[in-house]
Visitor: 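I'd like to ask some things about the structure below.
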Amino acid sequence: MNLADALQEILFSLKQNKLRTFLTGFGVFWGIFMLILLLGAGTGLRNGAEAEFTSDARDSVWLFSRRTSVPYMGLNANRDIRFTSHDLEAILRDIPGIKYASAENPVGSTSRADIVVRVKDRSANFGVFGVAENYFHIKKYQDVLHGRKLNAQDEQLQRKVAYIGKPVADQLFPNQNPIGKNIEINQITFKVVGEFFDKGRNGQMSERIYIPMSIFQKAWGQGQHYYRILTYQPESNVDPIAVEQQVVKLLKQRHRVAPQDRSAIQSHNMVQQVKEVNALFAAINSFIWFVGIGTLTAGIVGISNIMLITVKERTVEIGVRKALGARPINIISALLFESVLITAVAGYVGLVCGVGLLELVNYILKVIQVELPYFHRPEVDFQLAITAICILICVGVIAGFAPAWRAARISPVEAMRN
Amino acid sequence: MIQLSNLHKYYGDKNRQLHVLKGIDVTIEEGELTAIMGSSGSGKSTLLNILGILDHFDEGRYLLDQQEITKLTEKQAAYFRNKFIGFVFQSFNLLSFKNATENVALPLYYQKVGRRERNKKAAELLEMVGLGDRAEHMPNQLSGGQKQRVAIARALVTNPRVILADEPTGALDSKTTQEIMQLFKEVHGQGKTIVIVTHEKEIADACERLIVLRDGQIANTTSKVSPL
Ligand SMILES: Nc1ncnc2c1ncn2[C@@H]1O[C@H](COP(=O)(O)OP(=O)(O)OP(=O)(O)O)[C@@H](O)[C@H]1O
Ligand SMILES: [Mg+2]
């Protein structure tokens with residue numbers, strides 16, 4: 001008995017009761033369809049919330065050096081504090097639980113795009129930043145559009161290379177691939193090795209050019225290893241607040257800043273925001289799971305109900321088949337195969353329709369260029385959806401097995417008497 | 001071919017037990033055409049169902065072609081039903097969603113015979129029972145007599161040793177009854193062992209042997225030379 005034969009046998013009996021087949025299928029279809037939409041909406045919300053964050057590692061801490069506000073140890077107030085490479089080394093050496101630490105230095109001002117960048121006849125103003133090693137481990141949510149990030153060799157060999165944002169590439173190299181092209185910053189020529197997009201500050205963080213810290217210091221650092229900004233990411237198993245306090249304390253000691261001085265060294269972190277968002281999504285997630293499991297359960301109950309009805313309705317037929325020599329295994333496998341077939345096909349259609357609808361929503365949002373706050377790119381965890389279908393089928397089979405088994409065991413005479 | 005000794009069958013639970021077959025002893029030889037008669041409720045169908053391994057019995061012994069049928073697993077029972085026995089029911093019991101050919105071919109499906117060969121065999125048998133031109137008809141497009149012919153073709157398709165028929169003409173008019181009986185005699189002529197339960201004298205008269213049941217026991221058996 002080959003599969004095609006068995007399949008045809010089953011299609012026969014499915015055709016026999018089109019409405020029931022349809023209803024079973026529709027229950028499963030709807031369950032999966034709704035589950036997909038829910039999951040999609042969930043990810044959409046999460047993506048929306050993620051968009052509110054910058055491109056930095058969520059637990060990263062950024063330290064800014066400013067002016068002192070109180071005199072301390074015989075030093076005046078209003079003293080300009082500047083971090084150095086020794087500070088970076090000290091943090092890594094003296095404070096346990098630091099995963100990465102790095103630094104950033106603007107050629108011009110930190111916040112304004114005030115450096116003229118030229119390419120042949122074109123020029124535009126952007127921010128240019130020297131960045132130390134491991135910087136992109138911390139600024140890790142930038143999308144690399146072309147080429148690559150800056151790496152350790154660039155730093156060690158003082159390469160004149162640049163990693164440029166998308167608006168920079170668009171303005172300096174319209175309709176061209178910028179990789180390998182040269183740009184000129186303050187009369188120094190840099191080769192573009194990569195293009196990125198940074199969604200931070202609504203994309204403003206993309207209007208930047210990053211170059212290795214080593215070449216930055218050689219060109220503009222006056223030979224001294226000053227940093228305007230330090231950043232680090234703690235290990236995930238340490239208390240981020242405690243580490244932050246230790247780092248700030250260390251830096252204050254090193255620069256002789258009064259412990260109570262709040263303006264000289266400022267630190268920023270997103271621990272609180274991350275916490276809140278995570279709590280929100282834990283709630284949303286459990287809601288989705290609650291509804292999702294409810295939907296699945298309804299689907300399963302539907303399938304087992306239909307199985308019971310099927311078996312009851314077809315008792316006479318089962319009796320006849322047994323009288324003609326069907327073994328119990330023939331009866332059971334035919335019944336179960338039938339329900340698996342309906343479930344799998346309907347589940348698959350539900351999956352395709354659900355994903356299709358999400359894609360359509362995505363497409364429409366894109367075409368009409370609507371940026372919904374807190375809702376971006378609804379997506380589905382495909383594996384999860386497939387798992388859901390498998391669970392549905394398995395439980396359907398298990399639930400259907402008992403009535404099928406009973407039907408296959410009763411004597412043909414009893415079965416045919418119905 | 002068939003040997004029953006001291007066969008008992010009960011219905012119901014311990015308290016309100018119904019003793020339906022009360023010690024049946026009978027031997028049916030290979031190639032015999034036997035009729036079973038008896039008043040309603042005398043246990044004819046019960047006996048035939050036991051012969052067809054469609055039902056269990058409680059005491060006694062059943063040998064089919066020298067083989068012990070007393071304690072079979074479901075799987076073994078299915079094998080015997082399929083290979084040794086062709087059953088014809090009063091109410092035809094065709095599957096309504098299969099056409100004549102597919103109905104006839106069904107027992108071969110459980111022998112894992114391929115579709116093409118199944119259908120070829122089914123077509124041959126439909127031809128034999130005179131329904132070669134109705135191969136594609138669904139059961140509800142066939143008359144009672146035609147349905148019973150399809151059922152007989154189905155019973156014959158696995159080339160079983162024994163054909164068992166429970167009031168095969170009970171739902172048919174007298175002309176059709178004669179035709180169906182004629183068909184049984186043809187089959188018998190090919191050497192099949194046939195047992196027919198019937199209420200009709202003319203059917204019984206057409207058989208070689210008559211077993212009369214009364215209240216779950218064999219009242220008498222008479223044999224005569226085949227009218228063939
Ligand atoms: N499933 C059952 N449960 C209880 N009693 C049953 C069952 N099947 C049959 N009987 C009883 O067993 C006895 C014999 O029934 P059986 O069907 O064998 O009679 P029969 O000779 O075939 O009658 P008929 O000529 O009406 O078909 C009857 O008294 C009937 O009521
Ligand atoms: Mg009867």
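Just so it is clear: chains get the letters A, B, ... in the order the sequence lines come, proteins before strands, and each one is counted from 1. From a predicted model like this one, the values you see are computed outputs, not experimental measurements.
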Visitor: Tell me, for B:Tyr79 versus chain A, whether the close heavy atoms (under 4.5 Å) come from the side chain, the backbone, both or neither.
Guide: neither
Visitor: How long is the gap from CD on B:Gln111 to CG on A:Leu324, to the nearest 0.5 Å?
Guide: 11.0 Å
Visitor: Inspect the surroundings of OH in B:Tyr11 and state if more than 12 heavy atoms from other residues, nucleotides or ligands are less than 6.0 Å away.
Guide: yes
Visitor: Please flag which part of B:Gln76 lies under 4.5 Å from any non-hydrogen atom of chain A: side chain, backbone, both or neither.
Guide: neither
Visitor: Could you tell me which non-hydrogen atom of B:Tyr110 sits nearest to which non-hydrogen atom of A:Gly325, and how far apart they are?
Guide: CB-O, 3.7 Å
Visitor: Counting only heavy atoms from other residues, nucleotides and ligands, does the tally under 6.0 Å from CD of B:Gln66 exceed 12?
Guide: no
Visitor: Do the side chain of B:Asp55 and the main chain of A:Val413 share a donor and acceptor less than 3.5 angstrom apart?
Guide: no
Visitor: Any heavy-atom pair between the side chains of A:Arg321 and B:Leu95 that's under 4.5 Å?
Guide: yes
Visitor: Tell me the closest heavy-atom pair linking A:Val320 and B:Asn93, and the distance in Å.
Guide: CG1-O, 3.4 Å
Visitor: Could you have a look at B:Phe89, B:Phe80, B:Phe87 and say which one has the most heavy-atom pairs with chain A under 4.5 angstrom?
Guide: B:Phe89
Visitor: Can you say whether A:Ala415 sits under 4.5 Å from chain B via the side chain, the backbone, both, or neither, judging by heavy atoms?
Guide: neither
Visitor: With rounding to the nearest 0.5 Å, note down the distance linking CG in A:Asn330 to NZ in B:Lys75.
Guide: 10.0 Å
Visitor: Just how far is it from atom CD of A:Glu317 to atom OG of B:Ser96, taken to the nearest 0.5 Å?
Guide: 7.5 Å
Visitor: Considering residues, nucleotides and ligands other than B:Gln67, do more than 12 of their heavy atoms fall under 6.0 Å from its CD?
Guide: yes
Visitor: Where do B:Arg81 and A:Lys322 come nearest, in terms of heavy atoms and distance?
Guide: CD-O, 3.2 Å
Visitor: Report, as yes or no, whether the 6.0 Å neighbourhood of atom OH on A:Tyr348 holds more than 12 heavy atoms from other residues, nucleotides or ligands.
Guide: no
Visitor: Given that the side chain runs from C-beta out, which part of B:Leu54 has a heavy atom under 4.5 Å from chain A: side chain, backbone, both or neither?
Guide: both
Visitor: For A:Ala326 and B:Ala78, which heavy atoms make the closest approach, and how far apart are they?
Guide: O-CB, 3.6 Å
Visitor: Between B:Gly52, B:Pro107, B:Pro160, which residue shows the highest count of heavy-atom pairs closer than 4.5 Å to chain A?
Guide: B:Pro107
Visitor: What distance separates A:Ser411 OG from B:Ile53 CD1, expressed to the nearest 0.5 Å?
Guide: 12.5 Å
Visitor: Run the side-chain contact (heavy atoms from CB on, under 4.5 Å) check on A:Arg327 and B:Glu74 step by step: do they pass?
Guide: CA-CA 7 Å; A:Arg327 285 173 290 147; B:Glu74 275 295 319; over 6 Å; no
